[in-house]
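Some notes on the structure that comes next.
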Amino acid sequence: MSLEFAGNLYSGSQRNGLSLLVGVGHGDRYNPEGFSTLLGAGLFLNVHSVDITTSAEAEGNVILFTTAGPVEPDFQGPFLQLSAGRSGFNWWNFNWVTGSVLLVASGKQGTSETRLSFSDIFLSEWTTFLDKKLAGGRASRVGDPVLTWEMFPANVQYLDPNGTYLKIFQKLNVSLPWPYDNYAASMTYHIGLFPDANQHVRCWGQRWGCWVDSGVKSGHVADSLAPEVQSGLDELAKQVNATLQGFDGLLGKVTDVYYLPGTQTSDIATGTLAGNTADDVTIVIEH
Amino acid sequence: MSWLNYANLDKPVEIPEAEVSGPGEHRRNIQPANAHKSIPLGLETRSGGATTPPPAEAVEFAKRQRVRRSTVNPDVRTRAWLNNAMSTSNNDYDAFVTKVIAYLRRAINEQSLSEAQAVLNELSRTPEGAAAVQKQLTHENLALAIKISKGQA
């Protein structure tokens, strides 16, 4: 085994104090370090400087997420990304609350990458899809969806804890006849991207979920809503694949697809980025 | 109830100030115009898995896209090299770290890398151990370890 890049997380602001050695191995893409690892190292909510040593093989990204431990999923929310170009050593200090950390290798040697904003390519697709799906029924969309990710989900049924997913969360309103008040509801999809046998990017719908406000009509509403959400998963995947086909001729042979948080459609190389995973996901297509 | 009644649960999409010092440009995504966009509540009434079997390529890709987990193998404490390093270091952190790094330099492979990382991280749980690790785990040594692991040194 060899290393693509390695880094250290420190409790002190000058690369001092308690520390944790982390790294991405050759051929690996990700190294997740959840809150429990940071807790054991004395670094939960206690990381104040980071260094990254990179090789010629890849750029190194250390992403610090402000998550609250067991009450919140790792790798979501506000993030501070520290990025280092190839073949170098860099370090930063900062004022940031860190609950989980994700390392991602990017810009691998000998490859090209195209970066796409999940929001830019998907938002109008979604509103068209959903408004058509809900037309004529009692449920309607409330605002735009949250287009985000779910990375290495622990204890989420139907999802692989080593998996990486794009996540769509949409608030709904269900209007009911008098004397019932409107019911709040929501729907969630998890989809994944992968290179198919022709080395084109394609999508697969992995999981669906819905929530309905509690009340006398909750079960009735869920009985109507759940099948629609369930059937929508495949329909959505087909629609997304139709859009992705439009990129086939532009990208050539796709070898990998991975995700970075927020909007970063141009390579940072060496530098930092602060953002929020609820804002967007950057889909990176390696070809 | 409509979503208006859940307004107090809406969580703004925040991007705190990071006050970063270090190389490169420090960028910040533009705070979303709708800063009170709701974060997913994490509540569910019903859910289900994929409604069609996964494409074979998706399954293969999931296996291929490797994730490195820093899982500590508890058997590392039974390794001869570790027990030898402990018994011959005379309770000196610096000497112990030297022996761990020497073990790693003899052969870098998945096992030795994982074991050395686990031991060094275990030491770094205390201020004294962390100081000893940081003294020797310089970026030059790390860069050398990366090169050795690729057969380039």
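As a basis for the values below, the full set of heavy atoms in this structure was taken, side chains included, without hydrogen atoms, waters or symmetry mates. Chain letters run A, B, ... following the sequence lines, proteins first and then strands; every chain starts at 1. All figures in this text were calculated on a predicted structure; none of them were measured in a lab.
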With a 4.5 angstrom heavy-atom cut-off, which part of [X] approaches chain B: side chain, backbone, both or neither?
X        : result
A:Phe94  : both
A:Leu80  : side chain
A:Ala226 : side chain
A:Trp208 : both

With no hydrogens and no angle check, is any side-chain donor or acceptor of [X] less than 3.5 Å from a backbone partner on [Y]?
X        : Y        : value
B:Gln134 : A:Gly17  : yes
B:Arg68  : A:Gly23  : yes
B:Arg125 : A:Gly42  : no
A:Trp92  : B:Pro23  : yes
B:Glu25  : A:Gly271 : no
B:Trp3   : A:Ala185 : yes
A:Asn276 : B:Glu14  : yes
B:Thr45  : A:Val212 : yes

Q: With side chain to side chain contact (heavy atoms under 4.5 Å, CB included) as the test, would you mind laying out the steps for B:Leu142 and A:Asn8 before giving the verdict?
A: CA-CA 10 Å; B:Leu142 259 181; A:Asn8 287 288; 3.8 Å; yes
